[in-house]
Amino acid sequence: MKILVAEDDIDIANLHKLILESRGHAVVLALDGQKCLDSYRQTKDPFDAVVLDYKMPKLNGIQVAKEIIRLNLEQRVLLATAVLKETLADSIRDIRRIIEMIQKPFEPESLVQLLEDKSILAKLQKLNASVKDTINDSQIPSDNVVEKLLRQLKNIQKPGTI
């Protein structure tokens, strides 16, 4: 796979790159949200996945995800975050869809496992269809809705990745 990784901690970014490349994946690194968007826009070959740190300089992960999805509705995006519930609520409110998440801190193998699991995509599409049915464009998701969707997302992803 070709993977774009946006992470502002250079040591963590290099660790992600090392582990993913050891599995045969091509990795492009970006150290802030704006550089990630620049790399995404400049690539000739599409990325199979984009991994975003939630908190980054210049643009945060949600802002980057929103723009990337605007450019390519089918793009697989994964957010690395310490605060799952708040991040999920932000993705529903700002992007109008659920994106994959991995809770920090995590083992590098968990990231690889999540990215290499292609079965998640179809299940995530079904979950996103339920988001559209549950929340209209003017509504901020309630805590109950976010909790329910977080449980559903956890059921989609393998244990240990979220």
Side-chain angles (χ1 to χ4, degrees), residues 1-92 94-95 97-125 127-128 146 149-162:
M1 290 190 297
K2 183 178 175 186
I3 304 166
L4 175 58
V5 175
E7 168 62 61
D8 60 323
D9 182 318
I10 188 69
D11 293 330
I12 293 173
N14 284 328
L15 179 61
H16 293 338
K17 182 176 172 118
L18 180 68
I19 193 81
L20 290 167
E21 287 181 343
S22 75
R23 298 281 301 196
H25 304 298
V27 179
V28 175
L29 291 180
L31 298 177
D32 66 52
Q34 186 59 55
K35 288 179 183 167
C36 179
L37 274 180
D38 294 344
S39 293
Y40 189 85
R41 288 179 179 135
Q42 292 169 3
T43 190
K44 293 178 182 160
D45 298 322
F47 290 98
D48 296 294
V50 178
V51 179
L52 304 168
D53 185 16
Y54 182 74
K55 291 186 179 180
M56 294 185 289
K58 299 184 182 178
L59 298 171
N60 70 34
I62 291 290
Q63 292 168 315
V64 175
K66 184 177 183 177
E67 180 61 17
I68 286 174
I69 291 168
R70 186 189 68 75
L71 295 169
N72 178 1
L73 288 173
E74 302 302 316
Q75 181 61 64
R76 185 176 185 189
V77 176
L78 185 142
L79 268 174
T81 180
V83 288
L84 293 175
K85 185 176 173 183
E86 292 83 356
T87 303
L88 181 59
D90 289 347
S91 79
I92 294 167
D94 296 345
I95 305 172
R97 77 184 242 189
I98 295 172
I99 53 180
E100 292 173 78
M101 293 187 290
I102 188 165
Q103 187 168 21
K104 287 180 152 187
F106 57 86
E107 294 296 321
E109 294 79 20
S110 295
L111 177 63
V112 172
Q113 181 183 34
L114 187 58
L115 288 170
E116 291 180 350
D117 185 351
K118 305 236 186 241
S119 69
I120 293 173
L121 298 175
K123 295 172 187 173
L124 191 61
Q125 286 175 341
L127 183 55
N128 273 309
V146 172
L149 292 170
L150 184 56
R151 280 192 305 276
Q152 290 174 308
L153 182 60
K154 285 181 179 184
N155 288 334
I156 290 172
Q157 293 182 204
K158 290 183 179 174
T161 59
I162 187 171

Enumerate, atom names and distances included, each donor-acceptor pair closer than 3.5 Å involving a side-chain atom of residues 79-87, sequence neighbours excluded.
unit_1, atom_1, unit_2, atom_2, d
T81, OG1, V83, N, 3.1
T81, OG1, T87, OG1, 2.8
K85, NZ, E147, OE2, 3.0
T87, OG1, V83, O, 2.7

Original post:
Atom CG of L127 and atom CD1 of I120: how far apart are they, to the nearest 0.5 Å?
Top reply: 12.0 Å

Original post:
Is the side chain of D48 donor-acceptor paired with the backbone N or O of I3 at a distance under 3.5 Å, no angle test?
Top reply: no

Original post:
Between L52 and G61, which heavy-atom pair has the shortest distance, and what is it?
Top reply: CD1-O, 3.4 Å

Subject >> Note, D53 side chain near I12 side chain (heavy atom, < 4.5 Å) >> reply: no

Subject >> Heavy-atom check, side chain of D32 versus side chain of L59, under 4.5 Å >> reply: no

**OP:** Please list, chain by chain and in numerical order, all residues satisfying side chain to side chain donor-acceptor pair (under 3.5 Å) with Q63, sequence neighbours excluded.
**Re:** none

Original post:
Partners of R97 by salt bridge (Lys or Arg N to Asp or Glu O under 4.0 Å), sequence neighbours excluded?
Top reply: none

Subject >> Short side-chain to backbone donor-acceptor contact, T43 and S39, under 3.5 Å >> reply: no

Original post:
If you take all heavy atoms of I99 and A65, which pair is closest and at what distance?
Top reply: CD1-CB, 4.0 Å

Subject >> Test side chain to side chain contact (heavy atoms under 4.5 Å, CB included) applied to L20 and V112, step by step >> reply: CA-CA 7 Å; L20 290 167; V112 172; 3.8 Å; yes

Original post:
What distance separates L153 CG from L124 CG, expressed to the nearest 0.5 Å?
Top reply: 6.5 Å

Original post:
By salt bridge (Lys or Arg N to Asp or Glu O under 4.0 Å), which residues pair with K55, not counting sequence neighbours?
Top reply: none

**OP:** Please round to the nearest 0.5 Å and tell me the distance separating atom CG of L115 and atom CE of M1.
**Re:** 5.0 Å

**OP:** Quick one: which residue pairs count as a salt bridge (Lys or Arg N to Asp or Glu O under 4.0 Å) with a foot in residues 1-15, not counting sequence neighbours?
**Re:** E7-K104

**OP:** Can you run down the salt bridge (Lys or Arg N to Asp or Glu O under 4.0 Å) pairs that involve residues 116-125, sequence neighbours left out, and say none if there aren't any?
**Re:** R23-E116, D117-K158

**OP:** State which residues pass salt bridge (Lys or Arg N to Asp or Glu O under 4.0 Å) with K66; sequence neighbours excluded, sorted by chain then number.
**Re:** none

Subject >> Distance, nearest 0.5 Å, that separates CG of D94 from CD1 of I69 >> reply: 11.0 Å

Subject >> Under the side chain to side chain contact (heavy atoms under 4.5 Å, CB included) test, residues paired with Q42 that sit two or more places apart >> reply: D38

**OP:** Can you tell me which residue pairs pass the ring-ring contact (aromatic ring centres under 6.0 Å, His included) test with a partner in residues 5-38, sequence neighbours excluded?
**Re:** H16-F106

Subject >> Value rounded to 0.5 Å, distance of CD in Q152 from CG in N128 >> reply: 10.5 Å

Original post:
Got a sec, which residues hit side chain to side chain donor-acceptor pair (under 3.5 Å) with E67, two or more places apart in sequence or on another chain?
Top reply: R41, R70

Subject >> From CD1 (I68) to SG (C36), nearest 0.5 Å >> reply: 4.5 Å

**OP:** Not counting sequence neighbours, which residues clear side chain to side chain donor-acceptor pair (under 3.5 Å) with Y40? List them please.
**Re:** N72, Q75

Original post:
Quick one: salt bridge (Lys or Arg N to Asp or Glu O under 4.0 Å) partners of E21, sequence neighbours excluded?
Top reply: K17

